[in-house]
There are 2 protein chains.
Amino acid sequence: MQREPTIHDVARRAGVSVATVSRVLNGRGPVAEATRARVLAAVAELGYRPNAVARSLVRRRSCTVGVLVPDIANPFAAELVRGMEAEAAAHGYHIVLACSDLSIAQEVRYIGLFRERQVDGLIYTSGTVTPELQQAFAELGRPVVLAATTVTGPGPALPAVLVDSYAGARLAMEHVLSLGHRRVACLIGSLQDPIAGLPRWQGYRDAAAARGVEIPPEYVVDAGFRLEAAYEATVRLLRLRPRPTAVVAASDLMAIGAMGAAADRGLRVPEDLTVVGFDNIRLAAVVRPALTTVAQPMHEIGARAVSRLLQVLAGEQPEPLVDWIAPRLIVRGSSGPPPA
Amino acid sequence: MQREPTIHDVARRAGVSVATVSRVLNGRGPVAEATRARVLAAVAELGYRPNAVARSLVRRRSCTVGVLVPDIANPFAAELVRGMEAEAAAHGYHIVLACSDLSIAQEVRYIGLFRERQVDGLIYTSGTVTPELQQAFAELGRPVVLAATTVTGPGPALPAVLVDSYAGARLAMEHVLSLGHRRVACLIGSLQDPIAGLPRWQGYRDAAAARGVEIPPEYVVDAGFRLEAAYEATVRLLRLRPRPTAVVAASDLMAIGAMGAAADRGLRVPEDLTVVGFDNIRLAAVVRPALTTVAQPMHEIGARAVSRLLQVLAGEQPEPLVDWIAPRLIVRGSSGPPPA
DNA sequence: CTGAAAGCGCTAACAT
DNA sequence: ATGTTAGCGCTTTCAG
């Protein structure tokens with residue numbers, strides 16, 4: 001296990017100075033074609049690879065972006081990171097990944113470590129931006145872009161890319177109403193959640209109101225984005241009289257919970273009950289019947305977040321600051337006209 | 001946006017030399033308690049964070065591990081990486097993530113970039129270790145650990161951690177047979193795949209033979225681990241006479257495809273058809289009925305892979321080289337006695 | 001067009 | 001117990 005060759009080894013072998021080697025490797029500064037060739041030959045012979053750590057130190061740029069997600073095993077986060085990785089790789093950047101389990105303390109800790117590692121920037125994903133976090137962002141001293149979230153409270157605005165949840169929820173409700181449903185239940189997330197909880201509920205409500213359909217309070221249940229809670233809630237909803245003929249859910253997982261509850265009560269989807277989700281996780285296409293849902297293009301959100309970060313690093317100001325992505329309705333087998 | 005404080009700033013402020021600051025920060029070498037306190041105070045006042053890049057350069061250790069996965073959006077890979085991240089973080093290491101889409105060219109490219117980045121080691125996940133890869137590993141010149149795969153062909157063995165697929169398949173088949181089934185179909189992956197394809201088939205076959213049950217050739221279908229192919233294959237299997245009363249599948253996705261086919265033909269699971277999967281992806285617990293399957297503890301595989309890598313970095317030789325994890329059968333609702 | 005030399009921020013001998 | 005100093009491998013003026 002011999003020492004890795006350094007730029008000095010290449011220089012010696014090519015009979016030039018290290019400065020010249022650096023020039024041909026980085027393509028800056030004028031180099032005679034013959035010299036260039038000699039250097040390249042030496043590089044190839046030695047199997048030389050420049051040491052990115054040393055380069056980072058002197059350039060004060062690591063070509064690395066820190067990515068902070070709650071849990072990479074969450075399919076939503078995974079798709080997001082997939083998009084980030086692709087975009088980053090395309091620009092010579094690497095992703096340093098950290099999972100926080102949504103613990104603020106962990107998040108702050110990781111941001112500090114990212115600072116030590118000299119990441120060029122940070123992408124923060126899908127959590128709420130609290131004051132502690134804003135403080136940590138400030139101490140990081142490097143650009144931050146938000147993916148699938150945005151700043152809702154006080155404090156400085158940050159570049160963000162996310163789907164317009166309100167518009168997406170309206171799409172879902174309008175689809176259901178246009179199929180002829182009038183008794184529509186809503187499985188919502190917490191109204192305290194200003195990113196995905198509140199606006200989706202508002203979208204459902206406003207779209208219904210716009211068509212003159214009222215949603216009675218007992219048809220609205222906060223299942224906290226959890227599948228099991230959605231299952232239980234649906235069991236209860238299906239006992240109500242009159243019974244809802246459709247359920248719109250603020251996440252696919254909740255929708256799948258609802259479908260399970262219907263199945264366990266012997267109701268068929270969509271003949272007896274229409275179910276519409278939100279997110280379009282891969283799972284949505286795989287369950288039976290396949291789930292009608294509102295797509296969030298996760299891969300694209302991730303990619304755009306990185307692209308905005310690189311833009312900031314290049315000195316440009318992303319415009320507009322918050323990039324609202326239009327949601328798209330994907331109609332599959334879980335929605336149909338109400339029972340006669 | 002002023003310059004980040006360096007160790008010199010801290011030294012000046014504390015009225016000591018940089019060496020002393022380094023000593024207190026790294027806890028090596030003797031330091032008087034009073035000096036120590038002064039340094040710590042200066043660190044706090046300045047909000048100083050050591051520059052990990054500079055440290056990596058001189059220590060020749062980046063405290064970074066490269067992780068190469070086909071696709072982080074694959075739930076299997078995501079769980080694996082989750083386990084890696086947790087274990088790495090617990091030891092002060094960071095994960096640098098790369099997704100190869102299973103392209104050998106990409107993999108080789110990324111390994112080269114990892115070399116430039118001075119990762120301390122590499123974890124390679126769930127692909128087949130080809131000669132090109134072995135070559136790239138060699139050029140990397142740093143330890144490699146395999147997660148959810150192992151070296152099957154010629155070439156040097158590598159530390160690995162993976163589930164014993166053969167034993168897992170036997171578990172699945174024995175479960176089905178002990179329920180009383182005698183006509184069992186197998187949805188297998190490619191027999192060319194020496195990690196998950198071949199051994200699972202062998203496990204099914206041998207467990208059946210051990211009970212004196214024969215699996216006719218028309219009951220065995222290679223669906224290449226794909227859900228759609230498994231769906232089609234099951235449609236055909238269910239047309240056979242006599243019809244199988246159970247299907248064992250070499251992956252959960254194939255099992256879910258089989259369940260879909262049964263549902264679409266009006267057969268109930270498990271009353272008319274028992275279905276057993278392999279992997280225990282999260283989805284398995286979510287589909288209706290929930291899927292009986294063989295669990296691969298992905299999180300643990302990832303964590304152990306990192307732990308072995310750190311072991312190698314510490315100069316120890318992992319023993320035994322290949323860590324075969326015992327699979328576990330998870331009985332859920334999709335398996336039951338055969339129809340009368 | 002090329003080389004010499006001064007760092008980037010830190011650690012680790014080696015002195016004192 | 002603490003300070004001085006020589007690098008780690010690379011880029012980048014500044015000379016020539």
Side-chain angles (χ1 to χ4, degrees), chain A residues 2-40 42-43 46-64 92 113 115-120 141-142, chain B residues 2-40 42-43 46-64 92 113 115-120 141-142:
Chain A
Q2 78 275 349
R3 191 173 55 74
E4 292 265 290
T6 74
I7 198 171
H8 286 99
D9 301 319
V10 176
R12 191 171 321 119
R13 178 145 195 148
V16 298
S17 73
V18 295
T20 300
V21 176
S22 177
R23 283 189 198 103
V24 347
L25 257 28
N26 295 295
R28 6 183 173 253
V31 183
E33 194 43 57
T35 328
R36 214 180 104 76
R38 280 218 314 292
V39 169
L40 258 17
V43 165
L46 295 170
Y48 169 76
R49 289 285 201 144
N51 180 326
V53 169
R55 173 180 290 166
S56 298
L57 184 59
V58 42
R59 286 227 189 121
R60 285 125 165 251
R61 160 160 293 207
S62 63
C63 287
T64 259
L113 291 171
R115 166 138 89 109
E116 294 189 358
R117 290 250 181 233
Q118 312 294 119
V119 300
D120 293 337
R142 264 147 270 185
Chain B
Q2 78 274 351
R3 189 174 56 75
E4 291 266 291
T6 75
I7 198 172
H8 286 99
D9 301 319
V10 177
R12 191 173 319 119
R13 177 143 194 151
V16 298
S17 73
V18 295
T20 300
V21 177
S22 178
R23 282 189 199 103
V24 346
L25 257 30
N26 296 295
R28 5 183 174 255
V31 184
E33 193 43 56
T35 331
R36 216 181 103 75
R38 281 219 314 291
V39 169
L40 259 18
V43 165
L46 294 171
Y48 169 75
R49 289 285 201 145
N51 180 325
V53 168
R55 174 180 288 167
S56 299
L57 184 59
V58 43
R59 286 226 189 121
R60 287 129 164 248
R61 160 159 295 206
S62 63
C63 288
T64 259
L113 291 172
R115 166 139 89 108
E116 295 189 359
R117 290 250 180 233
Q118 312 295 117
V119 300
D120 294 336
R142 264 147 273 184

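Since this is a predicted model, take the numbers as computed values, not measurements.
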Looking only at heavy atoms, the pair that brings A/C63 and A/G92 closest together is CB-O, 3.8 Å
Heavy-atom check, side chain of B/T6 versus side chain of B/N51, under 4.5 Å: no
Check every nucleotide of DNA chain C for an atom under 4.0 Å from a heavy-atom of chain B, then give the first and the last such nucleotide from 5' to 3'. C/dG9 to C/dA13
Validation row: B/R38, B/T20 side chains within 4.5 angstrom (heavy atoms): no
What contact category does A/S56 fall into here, base, sugar-phosphate, or nothing, at under 4.0 angstrom with non-hydrogen atoms? nothing
Does a salt bridge link B/R142 with A/E4, judged by any charged N lying under 4.0 Å from a carboxylate O? yes
Identify the two heavy atoms, one from B/I7 and one from B/S22, that lie closest to each other, and give their separation to 0.1 Å. CD1-N, 3.9 Å
Is there side-chain contact between A/S56 and A/Q118, with at least one heavy-atom pair below 4.5 Å? no
Evaluate the side-chain proximity of B/R117 to B/T64: yes if any heavy-atom separation is below 4.5 Å, no if none is. no
Side chains of B/T35 and B/V24 in contact at under 4.5 Å (non-hydrogen atoms): no
Protein proximity profile, nucleotides 8-16 of chain D - base contact B, sugar-phosphate-only contact S, no contact -, cut-off 4.0 Å on heavy atoms: BBBSBB---
